[in-house]
Q: 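To start, I am sharing the structure in question, which I have written as C-alpha cells.
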Amino acid sequence: MAVRVRFAPSPTGPLHIGGIRTALYNYLFARHHGGQFLLRIEDTDQKRYVANAEEYLLEALTWCGLTPDEGPVQGGPDGPYRQSERSAIYAVYAQQLLDSGHAYRAFDTEEELDQWRVREEAATGQPPKYDLHSRMTLRNSLSLPPEETARLLASGADHVLRLRVPENETISFVDLIRGQVSFRSEEVDDKVLLKADGLPTYHLANVVDDHLMHITHVIRGEEWLSSGPLHILLYRYLGWENERPAFAHLPLILNPNGQGKLSKRTADKLGIPVFPLNWLDDASGQTWMGFRENGFEPQALLNFLALLGWNPGTEQELFSMDEMVQAFDLDRVHKAGARFDFDKARWFNQEYLKRMDNGVLASRLGQLLVERGVLHDANALPAIAGMLKERVHLLQEMPEAGHYFFEEPRSLDEAALRKKYKVEGRPVFDQLLGELQDCSPFEAEALEAKVKAYAAQTGQGLGVLMPILRLALAGTLQGPPVFDMMAVLGKEKVVQRLQQNLDRFDALLAG
RNA sequence: GGCCCGUUCGUCUAGGGGUUAGGACGCAGGAUUUUCAUUCCUGUAACAGGGGUUCGAUUCCCCUACGGGCUACCA
C-alpha cells in the first residue's frame, strides 16, 4: 500500500519551527517511500481561529519547498482538506458512535463543569477528570434517566458528545519511534468528541479524516502521545482497527536553555527567531522575527531542522533535498527532545551561502540593499557577494560587513592605525598611489603585481603597506583580500579614498 | 499531584556487553594568509546516580534523581 502522510496544522497563529520540522519529516518520509504528502487544515476551533494564519502557513511551506500533493490549494480525491468544510462527515460517525453505545451525550454546561472542577479540587487537591469514575455523578445520558435525556434533547438543550472509555483495560500501541506504549483505561478521560457548536474536536476529526484520506502513517509531535489511547479506541469503535495508520511521535524541539518546548517568548528574549517568516500579531502590534527575514536560506534551515532529532547514521551533515529524501527514515529518529541551537543553524546557513552561486547571491543582496536604501552598482554585486559570503553567516549581515563597498567607511580602527602608520611614512604611500593610478587594467592581479613590485623596489615590507591601504580603503583591518577590494571599488574611488584618508590619518596623528 | 515519554562531551548526535566511546557546532591553540574569513591540523569535553544480571556493563533489567509532554466543549 502506498504511503500517505499528512501535515495537519491548526490556523491559530504563525506556524513555528517545530511545525516546519514535523512537515519536513512527513514530507521526507512520503518522498522516501514514493508516497503522498497531504496538507489538512485543522480549523475546528472557531474561538482560536486567526485570520491570515492559513495564508501564512501556505507561504511558509512554499518558501521551504514543502509542497503538498493534496491540500486546500491543490485539491485532491479526498477533499475537502479543511476540517471546517467537513462537518457533515463527522456528524455521521459521531452518530455511529452514539448508536453503538461508545459515545454518550453530556449536558453539563461549561459553567457547571468549571464549578465542579473547583469543588473537586478543593476537596481532593487535584483537578478532576470527566472519566469513568466521575461520569455517573455528572449530567449525561448515562447518568440521567432516559426520559430526562429525551426531555433535554427535545428542548434543544446544548450538549456535547463524549467518548465512553471502557473500564479495566490496558490500551497499548506500537509507536514507530518509541516502541510499545501502554496506558490504563482508567487514566483516559471521556474526551469530548463533538462540541456544543456541532463541530468535532481534534480527536474525532483527526481519526475520521486520517481514515477517509487513507493515511498510512501519522507522524506528529510528542505532545500527542498521551492522546494515543483515545485515538486507538476511536479506530476500534469505528471499526477501522485493522486499517489503523501507524503512529510515530516525534521528539519535541526544546528551548535553548532546555526549559520546556521551544516557545516564541523565550526565543524572543534570546533574540532568536522561531518562525519561518515574519509575523505581525494584530492584537499586540508586535512583529515576530522570521528566519527568512533574518537572512536564512530555506534549504539551510531545513537541513538544520532535519538533523535536530534525526541522523543518517553516517557522518554526513550537509544534504541536498534529494539526499535527505534518500537518507531519511523514521527508524533513525531520536527519542529525546532536542534543544534549539541557533549557532549551529547559522553555521548551516554559512555552508549554504558558500556553496551558492555568486550571481544568485548578488540578486538577493541587491534586493536587500534596495530595501535598505543603499546605493550600489549592481554589476559589482556578484564579486562583492563572492567575497563576503565566506565572512558572514547570514545574507542579512552582508550590507554591514561590506558597507565600505557601498559608501565611505563608517569608522576607523584607530588603534590599528597608530600601530601601523607614521606620518613620516606618507611619501611612501603617495608614491604608491601614483603607481596605482598607472595600473592598467585595474584588476586584482595587476594591482598585486604593481604593489609587490613597488615593495620589492623600495624595500618596503608588504606588512607595512597593506594594512594602511586596507585602513584607508575600508577603515578596518578585516575584510576580503585588498586587491580584490580595490578592483571592485574601481580606480576612481580607490584613488579618492586613499588621498582623502591618508590626509585624515596625518591630521589625526599630528593632532 | 497523576499518567506517559525520555537521559552519551556545553549543544546536536554516532555507538553498543570487552571501543583509545566516533563526528559536527562552539570554544582554545597552530599552519596558511598583508588582515579577517575560508581551508587544514591539534586540543578541550560525555555514557545522571545506585543496585542487580554477567567473567565483564556506558550498552540488558530494576529503583532513584533529573528533564520533557499531557492532564479544556485547544489543537
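In the text below, chain A, chain B and the rest are named by the order of the sequence lines, each starting its count at 1.
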Q: Which of parallel (below 30°), tilted (30 to 60°) and perpendicular (above 60°) describes H159(A) and F107(A)?
A: tilted
Q: Starting at atom CD1 of I177(A), determine the distance to atom C1' of C5(B), rounded to an integer number of angstrom.
A: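 One finds 12 Å between C1' of C5(B) and CD1 of I177(A), rounded.
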Q: With a 3.5 angstrom cut-off on both distances, give the Watson-Crick or G-U wobble partner of U38(B), or none if there isn't one.
A: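 Its partner: none found.
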Q: Remember a base hit wins even if backbone is also touched, and classify G461(A) as base, sugar-phosphate or nothing at under 4.0 Å, heavy atoms.
A: nothing
Q: Using the side-chain heavy atoms of Q126(A), tell me which of these nucleotides is nearest: U7(B), A75(B), G2(B).
A: G2(B)
Q: U11(B) base to R339(A) side chain: any donor-acceptor pair below 3.5 Å?
A: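 In this structure, the two groups form no donor-acceptor pair.
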Q: Are the side chains of L469(A) and M485(A) in contact, using a 4.5 Å heavy-atom criterion?
A: no
Q: Side chain of R178(A): nearest nucleotide among G6(B), A75(B), U34(B)?
A: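 Selected nucleotide: G6(B).
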Q: Taking only the P atom of each, what is the distance from U20(B) to G2(B) in whole angstrom?
A: 44 Å
Q: Considering only atom C1', compute the distance from U71(B) to U53(B) and round it to an integer number of Å.
A: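 Their C1' atoms lie roughly 37 Å apart.
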Q: Going by purine N1 to pyrimidine N3 plus the second Watson-Crick contact, or the G-U wobble pair, all under 3.5 Å, which nucleotide sits opposite U58(B)?
A: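 Paired with no nucleotide.
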Q: Could you tell me whether R332(A) contacts a base, only the sugar-phosphate backbone, or nothing, with contacts defined as non-hydrogen atoms closer than 4.0 Å?
A: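 Sugar-phosphate contact only - R332(A) comes under 4.0 Å of backbone atoms but never of a base.
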Q: For the side chain of L308(A), counting heavy atoms from C-beta on, which of U38(B), C5(B), C12(B) is nearest?
A: C12(B)
Q: State, yes or no, whether a side-chain contact exists between Y235(A) and D210(A) at a heavy-atom distance under 4.5 Å.
A: yes
Q: Would you call the rings of F342(A) and F296(A) parallel, tilted or perpendicular, where under 30° means parallel and over 60° means perpendicular?
A: tilted
Q: Taking the C1' atom of each, how far is A46(B) from G15(B), in whole Å?
A: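 Result for the C1' pair: 13 Å, nearest Å.
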Q: If you check the E223(A) side chain, which of A24(B), C74(B), G69(B) turns out closest?
A: G69(B)
Q: Taking OP1 and OP2 of A24(B), is either one under 4.0 Å from a side-chain nitrogen or oxygen of R346(A)?
A: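 No.
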Q: Could you check whether F183(A) gets within reach of a base, just the sugar-phosphate, or nothing at all, counting any heavy atom under 4.0 Å?
A: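 Sugar-phosphate contact only - F183(A) comes under 4.0 Å of backbone atoms but never of a base.
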Q: Using whole Å, report how far CG of L225(A) lies from P of U71(B).
A: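 Atom-to-atom, L225(A) to U71(B), this comes out as 12 Å.
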Q: Using a heavy-atom cut-off of under 4.0 Å over every strand shown, decide if E110(A) touches base, sugar-phosphate, or nothing.
A: base
Q: W347(A) side chain: which of U35(B), A75(B), G26(B) is closest?
A: G26(B)
Q: Starting at atom OH of Y130(A), determine the distance to atom P of C74(B), rounded to an integer number of angstrom.
A: 14 Å
Q: Between R105(A) and C73(B), is there a side-chain N or O to OP1/OP2 distance below 4.0 Å?
A: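 R105(A) to C73(B) OP1/OP2: no side-chain N or O under 4.0 Å.
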Q: Within the 4.0 Å heavy-atom criterion, would you say K47(A) contacts the bases, only the backbone, or no part of the nucleic acid?
A: sugar-phosphate
Q: Under 3.5 Å, which N/O atoms of the protein pair with N/O atoms of nucleotides 39-42 of chain B?
A:
| from | atom 1 | to | atom 2 | distance (Å) |
| --- | --- | --- | --- | --- |
| U39(B) | OP1 | K354(A) | NZ | 2.7 |

Q: Heavy atoms under 4.0 Å, any strand shown: does T12(A) hit a base, just sugar-phosphate, or nothing?
A: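 Nothing, no heavy atom under 4.0 Å.
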Q: Taking C-beta and beyond as the side chain, do L212(A) and R86(A) meet within less than 4.5 Å on heavy atoms?
A: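 Yes. Closest side-chain heavy atoms under 4.5 Å.
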Q: From C-beta outward on H334(A), which listed nucleotide comes closest to its side chain: C12(B), U8(B), G67(B)?
A: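 Ranking C12(B), U8(B), G67(B) by closest atom to the H334(A) side chain puts U8(B) first.
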Q: Would you mind reading off the distance between K335(A) atom NZ and A14(B) atom C1', rounded to a whole angstrom?
A: 14 Å
Q: Under 4.0 Å from OP1 or OP2 of U34(B): is there any side-chain N or O of K420(A) that close?
A: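 No.
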Q: Pick the closest RNA chain B nucleotide for V392(A) and for K261(A) by heavy atoms, then say which residue is nearer the 5' end.
A: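 Nearest-nucleotide comparison on RNA chain B picks V392(A).
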Q: Suppose you measure atom P in G67(B) against the same atom in C73(B); what distance do you get, rounded to whole Å?
A: 29 Å
Q: With a non-hydrogen cut-off below 4.0 angstrom, is P481(A) in contact with a base, only sugar-phosphate, or nothing?
A: base
Q: Tell me which nucleotide among C5(B), A75(B), C4(B) gets nearest to the side chain of K195(A).
A: A75(B)
Q: Do the side chains of E297(A) and R355(A) get close enough for a salt bridge, i.e. N-O under 4.0 angstrom?
A: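 A salt bridge is absent here (no side-chain N lies under 4.0 Å from a carboxylate O).
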Q: Please list all pairs passing the salt bridge (charged side-chain N to carboxylate O under 4.0 Å, His left out) test where one or both residues lie in residues 452-477 of chain A, with sequence neighbours left out.
A: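 For residues 452-477 of chain A: E448(A)-K452(A).
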Q: What is the separation between atom CG on L318(A) and atom P on G23(B), rounded to the nearest whole Å?
A: 18 Å
Q: Across the strands shown, which category fits A338(A) at heavy-atom distances under 4.0 angstrom: base, sugar-phosphate, nothing?
A: sugar-phosphate
Q: Just how far, in rounded Å, is P of A75(B) from CG of D45(A)?
A: 5 Å
Q: Report which part of the nucleic acid D108(A) touches: base, sugar-phosphate, or nothing (heavy-atom distance under 4.0 Å, all strands).
A: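 Since a base atom lies under 4.0 Å of D108(A), the category is base.
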Q: Only pairs with both distances under 3.5 Å count, Watson-Crick or wobble alike; so what is the partner of C66(B) in this structure?
A: G6(B)
Q: For A24(B), give the paired nucleotide (Watson-Crick: N1-N3 plus N6-O4 or O6-N4; G-U: N1-O2 and O6-N3; both under 3.5 Å), or none.
A: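 Checking every strand shown, A24(B) finds its partner in U11(B), with both distances under 3.5 Å.
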Q: Using ring-ring contact (aromatic ring centres under 6.0 Å, His included) as the criterion, point out the one residue from F328(A), F7(A), W310(A) that pairs with Y25(A).
A: F328(A)
Q: Can you tell me which nucleotide in C4(B), U13(B), G23(B) comes closest to the side chain of N311(A)?
A: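 When the side chain of N311(A) is considered, U13(B) is the closest of C4(B), U13(B), G23(B).
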Q: Look at all strands and tell whether R162(A) reaches a base, only sugar-phosphate, or nothing, counting heavy atoms closer than 4.0 Å.
A: sugar-phosphate
Q: Looking across every strand, which nucleic acid part, if any, lies under 4.0 Å from S182(A) by heavy atom: base, sugar-phosphate, or nothing?
A: sugar-phosphate
Q: OP1 or OP2 of A75(B) versus the side-chain N and O atoms of T44(A): is any pair under 4.0 Å?
A: yes
Q: Using the P atoms only, state how far C5(B) lies from G43(B), rounded to an integer number of Å.
A: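 The answer is 41 Å between these two P atoms.
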Q: Does U53(B) have a Watson-Crick or wobble mate here (both distances under 3.5 Å), and if so which one?
A: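 Because no pair has both required distances under 3.5 Å, U53(B) counts as unpaired.
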Q: For the side chain of K344(A) and the base of A24(B), is some donor closer than 3.5 Å to an acceptor across the two?
A: yes
Q: By the definition salt bridge (Lys or Arg N to Asp or Glu O under 4.0 Å), identify the one residue from R164(A), K129(A), R135(A) that meets it with D190(A).
A: R135(A)
Q: So for R48(A) and C74(B), does any side-chain atom that can act as donor or acceptor lie under 3.5 Å from a complementary atom in the base?
A: yes
Q: Answer yes or no: is there a side-chain heavy-atom contact under 4.5 Å between V428(A) and L465(A)?
A: yes
Q: Parallel under 30°, tilted from 30 to 60°, perpendicular over 60°: which one fits the rings of H231(A) and Y202(A)?
A: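 Because their plane-to-plane angle lies in the 30° to 60° range, the rings of H231(A) and Y202(A) count as tilted.
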Q: Measure from the side-chain heavy atoms of L252(A) and tell me the nearest of G68(B), C12(B), C73(B).
A: G68(B)
Q: Rounding to the closest angstrom, what is the interatomic distance between C9(B) and A21(B) at atom P?
A: 15 Å
Q: Given C73(B), C36(B), U71(B), which nucleotide is nearest the side-chain atoms of K129(A)?
A: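 In terms of side-chain proximity for K129(A), the closest of C73(B), C36(B), U71(B) is U71(B).
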Q: Would you check if the distance from the ring center of F429(A) to the ring center of Y454(A) is below 6.0 Å?
A: no
Q: Rounded to whole angstrom units, what separation is found between the CG atom of N140(A) and the C1' atom of C73(B)?
A: 14 Å
Q: Looking at every strand, decide which applies to V181(A) at a 4.0 Å heavy-atom threshold: base, sugar-phosphate, or nothing.
A: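 It contacts sugar-phosphate atoms only.
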